[in-house]
Amino acid sequence: MLRTQTCGELTAKNEGETTTLIGWVDAVRDHGGVGFVDLRDRYGRTQITLNPEELGGAAPTLRSEQVLRVIGTVELRPEGMRNPKLTTGDIEVRARSVEIIGDCPPLPFDLSEIGGGEITDELRYRYRFLDMRRDSVKNRFLMRSDLLHQMRNFLHAERFVELETPVLTKSTPEGARDFLVPSRLNHGEFYALPQSPQIFKQIFMVAGFDRYMQVVRCFRDEDLRADRQPEFTQLDLELACVEEDDVIDVVERMVAHLIREISGVTVTTPFPRLSYEEAVSVYGTDAPDLRSPLRLETLDDLVDRIPFNIFTGAVEAGGQVKALRVPGGGAWSRKVITELEALAKTYGAGGLAWVKTNADGWVGPLSRFLEGEALELVAERTSAEDGDLLLFVADGSRGVVNNALNALRKEIARREGHADPAKLAPCWVTEFPLFESDDEGNPTPCHHPFTSPHPEDADRLESEPLAVRARAYDLVLNGFEIGGGSIRIHQRELQERVFRRIGLSSEEAKEKFSFLLEALKYGAPPHGGIALGIDRLAMILAGDTSIREVIAFPKTQRGGCPLTGAPGEVASAQLEEIGLSISPRATAQPEPGAD
RNA sequence: GGGGACGUAGCUCAAUUGGUUAGAGUCCCGGACUGUCGAUCCGGUGGUUGCGGGUUCGAGUCCCGUCGUCCUCGCCA
């Protein structure tokens, strides 16, 4: 080894020892006759004392982030010079040799975590190797490493088998847009990168592995968001001979264990469970943030007694009227409410109706319609009290009402301090519909086409497909979907009925999924599983609002990698090899000075 | 594809109603200093105001376009 200790382990016990350390220059404090260097590595910081005379006069010029190899003696610091903030703060290393073994130019940005403003993400990711030297960034990746380690330990102890699946696989018709990889050996044909290893893991169940796990990269070519990257990591699980409760049980024991180990927080099990219908009704979303106590109330049955034609019109059009009660919101200004209305409008709401109570009684634009009996009914339904604000969204589309109110509920939670990142509120959402209606009104899977219908509803698959519940469940944490899974279809006959229902002919089904259908013929046990989004889980445990913070080399919103510059053009010879040519439109650059 | 915010020194930011030579901190370079731990003090270098066009006597500031970053709607089985 080139070093005898790390920068985090020398203490008073090592007094008098000779040590050799290697680390980065964290700070230089030069006092002329004496100088100090904080040497930093992954494990900590150690103060080096420099005396120009003892170093033979010609001491090198030291600068931040150079890599130094220091040979010296461990000495106790003089009384009053100790630094209680460092574990190595009782000692210092008096250098007799300092060598720059990795020089470093002036830095493109300030690594100091104290003072200074925020650096733009693009710059941080372009110089991620520098960014990661900062404690706050480094610690996120150490945490993520612990998280994966704890997951594997837990699951291996539960007799899961870690198996791998291909990255070059086959494009499937459903779901997100695939990333395609051209085949050199088969011109005109393409692999697809997996959106998830769904079918492979079901085949592992048919093979009898019984309990499968994999930490696996998945790819979806869709637009990016703060919580979505084109490649992301899942913890993928599948179990044979199980029902919903078995999957839910093992996952919530694991998640409670992870949260305890990583965050030191105890969450009680079992986690709360809500049906999909209940979640949408009460929170306006299938991924509710249970840290906020606010609830939505449906007023559809009261609109006949509220003389406000926007409300009655919404219900007559097949939509809804729902209210959100904000305790204490009576004190909120018109400006704040206008901001909330603007938010609601981004989700397609025509406007935001509201009333509030203050010393003048009920005031607000809606108050002239809400009087007497109507007011009493609404106040009773929403449990409104003096000093409250009531917000109403009415629309002919239930989706608009729920999306807008979910956004308002989250925004209000943020403003009221209910979105404390240290609080962790997991829940399960169950009994999703098996299908939703696509643009043409045809049923399309809510989850994926291998999800088993609820046994009570299976006979309505053909007659009332949209009313069929699925044996699907999502794990939600602080308003983020961090996992989703289901009990799968393990009978070929039922699987073919579902394919038919979503408009896949038996030829198409055979073409796309013949390997699964084939496997299901050969003795498939009942099975089910789940996939957890590791990036999102790590993000929440780190208290962040973007998964980029816990991804080592993330992509920008346009899908670029600031570090490597990917994606990039390739040599024409490479294109020829795979039999591809690029259409001119895609590569045409406006020529400077043209026209 | 749509909406919004931002883009000024390597970095973080400022610049009054459109008005003189675009400033400060930090970094970097030089100097002073034997106990600092965000060392301090003195001096200095550093600018295509993202890019292109327009309005104007005059544009960092106003207008149009474009590029980039971030947030978001659509999209994400």
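Convention: sequence-line order gives letters A, B, ...; per-chain numbering from 1.
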Phosphate oxygens OP1/OP2 of B:U36: is one of them under 4.0 Å from a side-chain N or O of A:R29?
no
Given the P atoms of B:G68 and B:A32, what is the spacing between them in whole Å?
50 Å
Verify whether the ring centers belonging to A:F219 and A:F232 lie closer than 6.0 Å.
no
Taking atom P of B:C27 as reference, at what distance in whole Å does atom CD of A:Q66 sit?
15 Å
Polar side chain donor-acceptor pair, A:R63 to A:T61, under 3.5 angstrom:
no
In whole Å, measure the gap between the P atoms of B:G1 and B:A14 for me.
32 Å
Once rounded to the nearest 0.5 Å, what's the spacing between atom CG of A:L517 and atom NZ of A:K510?
9.5 Å
Tell me: CG of A:L50 to C1' of B:U34, nearest whole Å?
12 Å
Which listed nucleotide (B:G35, B:C11, B:C71) is nearest to the side chain of A:L123?
B:C11
Judged by each residue's nearest nucleotide on RNA chain B, which is more toward the 5′ side, A:G32 or A:D26?
A:G32
Is A:T346 near enough to B:G3 that one of its side-chain N or O atoms lies under 4.0 angstrom from OP1 or OP2?
no
According to the 5.5 Å centroid and 30° plane-angle thresholds, does A:H31 stack upon the nucleobase of B:G35?
no
Do A:Q229 and A:D535 have side-chain atoms, one donor and one acceptor, less than 3.5 Å apart?
no
How far does the C1' atom of B:G47 sit from the matching atom of B:U21, given to the nearest Å?
13 Å
Round to the nearest Å and state the distance from A:R124 atom CZ to B:U12 atom C1'.
14 Å
With respect to the side chain of A:P106, which nucleotide from B:G68, B:C28, B:U12 is positioned closest?
B:C28
At 4.0 Å (heavy atoms only), tell me whether A:T451 reaches a base, stays on the sugar-phosphate, or touches nothing.
nothing
When all nucleic acid strands are considered with a 4.0 Å heavy-atom cut-off, which category describes A:D30: base, sugar-phosphate, or nothing?
base
Of the listed B:C37, B:C11, B:C70, the closest approach to the A:F109 side chain comes from B:C11
Mark yes or no for a side-chain to base donor-acceptor pair under 3.5 Å between A:R82 and B:G35, with no hydrogen or angle criteria applied.
no
Face-to-face contact A:F36 to B:U36 six-ring, under 5.5 Å, under 30°
yes
Between the side-chain atoms of A:E118 and the base atoms of B:U12, is any donor-acceptor pair under 3.5 Å?
no
Roughly how far, to the nearest 0.5 Å, is CZ of A:R42 from CG of A:N139?
11.0 Å
Can you find a donor-acceptor N/O pair under 3.5 angstrom joining the side chain of A:R225 to the base of B:C70?
no
Does A:R94 reach a base, just sugar-phosphate, or nothing at all? Heavy atoms under 4.0 Å.
base
Has the side chain of A:E222 got a donor or acceptor atom sitting under 3.5 Å from an opposite partner on the base of B:G74?
no
Heavy atoms from C-beta onward define the side chain here; which of B:C37, B:G35, B:G10 lies closest to that of A:N83?
B:C37
Under 3.5 Å on both distances, the Watson-Crick or G-U partner of B:C13:
B:G23
Can you tell me the distance, in whole Å, between the OH atom of A:Y347 and the P atom of B:C75?
13 Å
May I ask which nucleotide in the shown strands pairs with B:A5, Watson-Crick or G-U wobble, both distances under 3.5 Å?
B:U69
Do A:F432 and A:Y473 make the cut of ring centroids closer than 6.0 angstrom?
no
Using the C1' atom on both, measure B:G10 against B:C64 and round to a whole Å.
32 Å
With P as the reference atom in both, quote the distance from B:G65 to B:A5 in angstrom, rounded to an integer.
14 Å
A:K85 side-chain proximity, nearest of B:G35, B:G38, B:C76
B:G38
Span that lies between the C1' atom of B:G2 and that of B:A24, in whole angstrom:
40 Å
B:C76 base / A:R220 side chain donor-acceptor hit below 3.5 Å
no
Whole angstrom is fine here: how far is it from CD1 in A:I48 over to P in B:C37?
17 Å
Which is true for A:R126 with a 4.0 Å heavy-atom rule: it touches a base, it touches only sugar-phosphate, or it touches nothing?
nothing
Nearest-Å distance once atom C1' is located in both B:C70 and B:A9:
23 Å
Gap between atoms NZ and P, on A:K555 and B:C76 respectively (whole Å)
21 Å
What's the closest nucleotide to the A:P78 side chain, out of B:G35, B:C37, B:U72?
B:G35
Please report, rounded to the nearest Å, how far the C1' atom of B:C75 is from the CD atom of A:Q557.
13 Å
Can you measure A:R63 atom CZ to B:G10 atom C1' for me and round it to whole angstrom units?
13 Å
Name the pairing partner of B:U45, where a pair is Watson-Crick or G-U wobble with both distances under 3.5 Å, or state none.
none
Kindly say whether, by distance alone, the side chain of A:D110 makes a donor-acceptor pair under 3.5 Å with the base of B:C27?
no
Please determine whether side chain to side chain donor-acceptor pair (under 3.5 Å) holds for the pair A:T233 and A:R217, giving the CA-CA distance in whole Å, both sets of side-chain angles, and the decisive distance to 0.1 Å.
CA-CA 4 Å; A:T233 307; A:R217 195 63 56 89; 3.2 Å; yes
Can you tell me if A:R558 touches the phosphate of B:G68, counting only side-chain N or O atoms and a distance under 4.0 Å to OP1 or OP2?
yes
Quick one: label A:E92 by what it contacts on the DNA or RNA (base, sugar-phosphate, nothing), any heavy atom closer than 4.0 Å.
base
Once you apply a heavy-atom cut-off of 4.0 Å, does A:R77 come out as touching a base, just sugar-phosphate, or nothing?
base
Quote, to the nearest angstrom, the P distance that separates B:G4 from B:G43.
48 Å
Is it true that a side-chain atom of A:R460 and a backbone atom of A:E464 form a donor plus acceptor pair closer than 3.5 Å?
no
Per atom distances to the A:A226 side chain, the nearest of B:C37, B:U72, B:G35 is B:U72
Can you list the residues that meet the side-chain contact (heavy atoms from CB on, under 4.5 Å) rule with A:D30, with sequence neighbours excluded?
none
